[in-house]
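Only one structure is covered here, and it is reproduced in the block below.
In this text, all values refer to a predicted model and were calculated from it rather than measured experimentally. Quick note on labels: first sequence line is chain A, next is B, and so on, each numbered from 1.
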Protein chains: 2
Amino acid sequence: MSKPAVTIYEIAKHVGVSPAAVSSTLANRHIERRLSSETVRKIREAATALGYVPNMAGRRLRAHKSATRQFDLAILTSYEAPLPLVGQVLHALQRAVDVQTTEHTRYAVAIEMFHAGRLSEKAGLLDANRYHGVILTNTLPVDDAFVAEARLPYPVVVLGRRIPHYHCVLEAPDFVGRRSAEVLLEAKCGKPGILHSRQLTHTTSDRLAAFTRVVKERTGREAAKIVSTGLQPHDGAVALEAFFSEGGQLDGLFAVNDSLAAGAYRAIKASGRRVPDDVAVVGIGDYELAEYLDPPLTTVAGANEAMVAEAVPMLFRLLRGEESVSTEVLVVPPVFMRQSTQRRA
Amino acid sequence: MSKPAVTIYEIAKHVGVSPAAVSSTLANRHIERRLSSETVRKIREAATALGYVPNMAGRRLRAHKSATRQFDLAILTSYEAPLPLVGQVLHALQRAVDVQTTEHTRYAVAIEMFHAGRLSEKAGLLDANRYHGVILTNTLPVDDAFVAEARLPYPVVVLGRRIPHYHCVLEAPDFVGRRSAEVLLEAKCGKPGILHSRQLTHTTSDRLAAFTRVVKERTGREAAKIVSTGLQPHDGAVALEAFFSEGGQLDGLFAVNDSLAAGAYRAIKASGRRVPDDVAVVGIGDYELAEYLDPPLTTVAGANEAMVAEAVPMLFRLLRGEESVSTEVLVVPPVFMRQSTQRRA
DNA sequence: GTGAAAGCGCTAACAG
DNA sequence: CTGTTAGCGCTTTCAC
């Protein structure tokens, strides 16, 4: 059952030649080496037959130019993550890497994905032999607990949540939930509600809690909670339609991302209501389309961009071994006021 | 100027201890080894002072369990690429990798980015010591020429374009441009135009050519060409506003992606026109928000999803060394008819 | 035409 | 408490 990985030695033995012959054949250097085409054929055949997979570590070690140092960086994120965030991190990281790359310093950026809540099952995470540094994001609380316990043996910058013992960049706590509530209340909404998905990340529950708390404080009643099954526009539309058809009432909606908000727009319009006059809407996100919805969506931007702008240099400082890297950076996201919350008096 | 990379040997020499002491210190095993805290301190200091960067190839080779084979896969894409496509590839690849991962077979997925048109400057591309296999996409024609010439020394699946000597998955030529034109003509548009960005990928020029050709054939006149500076909604809005303010006329618009279409919506509405009655709009893309624009956007989906579904298994077949992998797969993208092209008769 | 051998950087086992 | 040594898989040079 446990078939050991095949090396060029096994191939060599199998064919009856030397490892060097195999190596040059597989690198297509058999011509310079003047191997007989018969040998070449046999070697190639054996390689596929035995299921040979080259060991890149071996090759790279051998090929290593001692003048260059190579940094392997990774973005560690869950599959279930919103793509725009991962993309932002990726682009910011690549841009930084571009700048830092010199003749003697190279970088590689990888994306490692895990299933939300099952980071601990991810193989190789605790090995110090894969990455020089990592940006970790889109975890669930279970994952955070695991990471806090495990103490990963390489520099880690955690994005969007706080994990003890790690360097973290996160949204100022409460800010998004509170500002969203305030925006709706300032738009004279007396019955604000919140639309979120069933699965709550650390960040989302923070926002949810702050929003409902502020609404409670200022209006004296509970904010309506509309729970969707996912984070796509469709999920938002379905959830809000159900809410309306069960007689639910609201005049202000905080959607925990812009996709849900887009879905909410449709449900609101389909029910004969108008945005913002009947229902004002606030979303979260930096999605490029938010401004192009009809009406343009007011968005508490989510601190993604600002967080990423902090996290990337932080990672490089850690890589350089700087001592004085702060362990927690709080970021205050911008709010983009647009027509979805501008109601006639 | 050329400072060679530091190894643990240099650190050892510098501090006056053995490499093993350095190794265990850097791996935080100095306690088991009962190193004096003084030595540990000196080693740590020397490491940062000399700018030590561990060689992962060395570590991994050493740590290698001979029972496991590791595949390193990469998505090779330009920075300028639309994120959704890269995300689709990434997710599809990760899903496949998840399934294929066993106790004895591990996979790593990386993203390598290059600047569109400058793939040839990307270091290490021609080395056979980084990746077992690659999915290449979002190239410009110059890049394609380079790749065709270079013959990358590992399996490559090319996505969305045809490059000689490589395995390619691409959209059926002409299809998107032709269908978009037909959709507009069927919606009784007499003056269709096309909105695209200045920078043309292989795919986009194909679409542009097919669209204008079909329009010319059926209406006898040239399609209006509206050229934007970028691919974001904003760029589309600006370009179309300029077109209108210069007295341009059209009653049907083909936007080469959904973001441009969203921007176009705004310009159309701002000019007092309505979608679809004054201007019918067709976009390209699989963006989740297309359906949630107002009115919902008719989209020729772009073959992304279908292409990815072909490309990923193809890559694995190549990795397995299968002989019979077809070198070209053509994919026909679905068309989603929505209200942006449903005009009153 | 082909094989033997050295060594890339690292760490675990062993020997003091 | 610390040093020496072997060897992970691979390729390149040298020797035959």
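- Classified by interplanar angle (parallel below 30°, tilted 30° to 60°, perpendicular above 60°), the ring pair A:Phe316/A:Tyr107 is perpendicular.
- Proximity of residues 47-60 of chain A to DNA chain D (heavy atom under 4.0 angstrom from any strand atom) is restricted to A:Tyr52, A:Pro54, A:Asn55, A:Gly58, A:Arg59.
- Considering only the side chain of B:Thr7, C:dG9 comes nearest among C:dG3, C:dG9, D:dG9.
- Taking atom CD1 on B:Ile8 and atom P on C:dC8, their separation rounds to 12 Å, with Å as the unit.
- With rounding to whole Å, A:Leu61 atom CG is found 5 Å from C:dG9 atom C1'.
- The side chain of B:Ala21 sits closest to D:dG3 out of C:dG9, D:dT12, D:dG3.
- Counting non-hydrogen atoms under 4.0 angstrom, B:Ser23 reaches a base of the nucleic acid.
- The interatomic distance linking A:Asn129 (CG) with D:dC8 (P) rounds to 17 Å, in whole Å.
- As a whole-Å value, the separation of B:His30 NE2 from C:dA12 P is 15 Å.
- Between B:His115 and B:Glu80 the shortest side-chain heavy-atom distance falls below 4.5 Å.
- Residues A:Leu93 and A:Leu315 are in side-chain contact: their nearest non-hydrogen atoms beyond the backbone lie under 4.5 Å apart.
- A donor N or O paired with an acceptor N or O is found under 3.5 Å between the base of D:dC10 and the side-chain atoms of A:Tyr9.
- The CD-P distance, from B:Gln70 to D:dC8, rounds to 19 Å in whole Å.
- Between B:His64 atom NE2 and C:dA12 atom C1' there is a gap of 16 Å when expressed in whole angstrom units.
- One interatomic measurement links the two molecules: CZ of A:Arg29 to C1' of C:dG3, which rounds to 19 Å at whole-angstrom precision.
- Between A:Phe146 and A:Leu125, some side-chain heavy-atom pair lies under the 4.5 Å cut-off.
- By the 4.5 Å heavy-atom criterion applied to side chains, A:Leu136 and A:Val157 are not counted as neighbours.
- The stretch residues 34-56 of chain A participates, sequence neighbours left out, in these salt bridge (charged side-chain N to carboxylate O under 4.0 Å, His left out) pairs: A:Glu38-A:Arg41, A:Arg41-A:Glu45.
- A:Ile31 has its CD1 atom 13 Å from the P atom of C:dG1, to the nearest Å.
- Annotation: side chain of B:His132 is in contact with side chain of B:Asp72 (closest heavy-atom distance under 4.5 Å).
- Interface residues of residues 34-43 of chain B facing DNA chain D, ordered by number: B:Arg34, B:Leu35, B:Ser36, B:Thr39; criterion, heavy-atom separation under 4.0 Å.
- Side-chain contact between A:Arg118 and A:Ser78 is absent, with no heavy atoms from C-beta onward closer than 4.5 Å.
- For the pair A:His30 and A:Ser37, the minimum side-chain heavy-atom distance is 4.5 Å or more.
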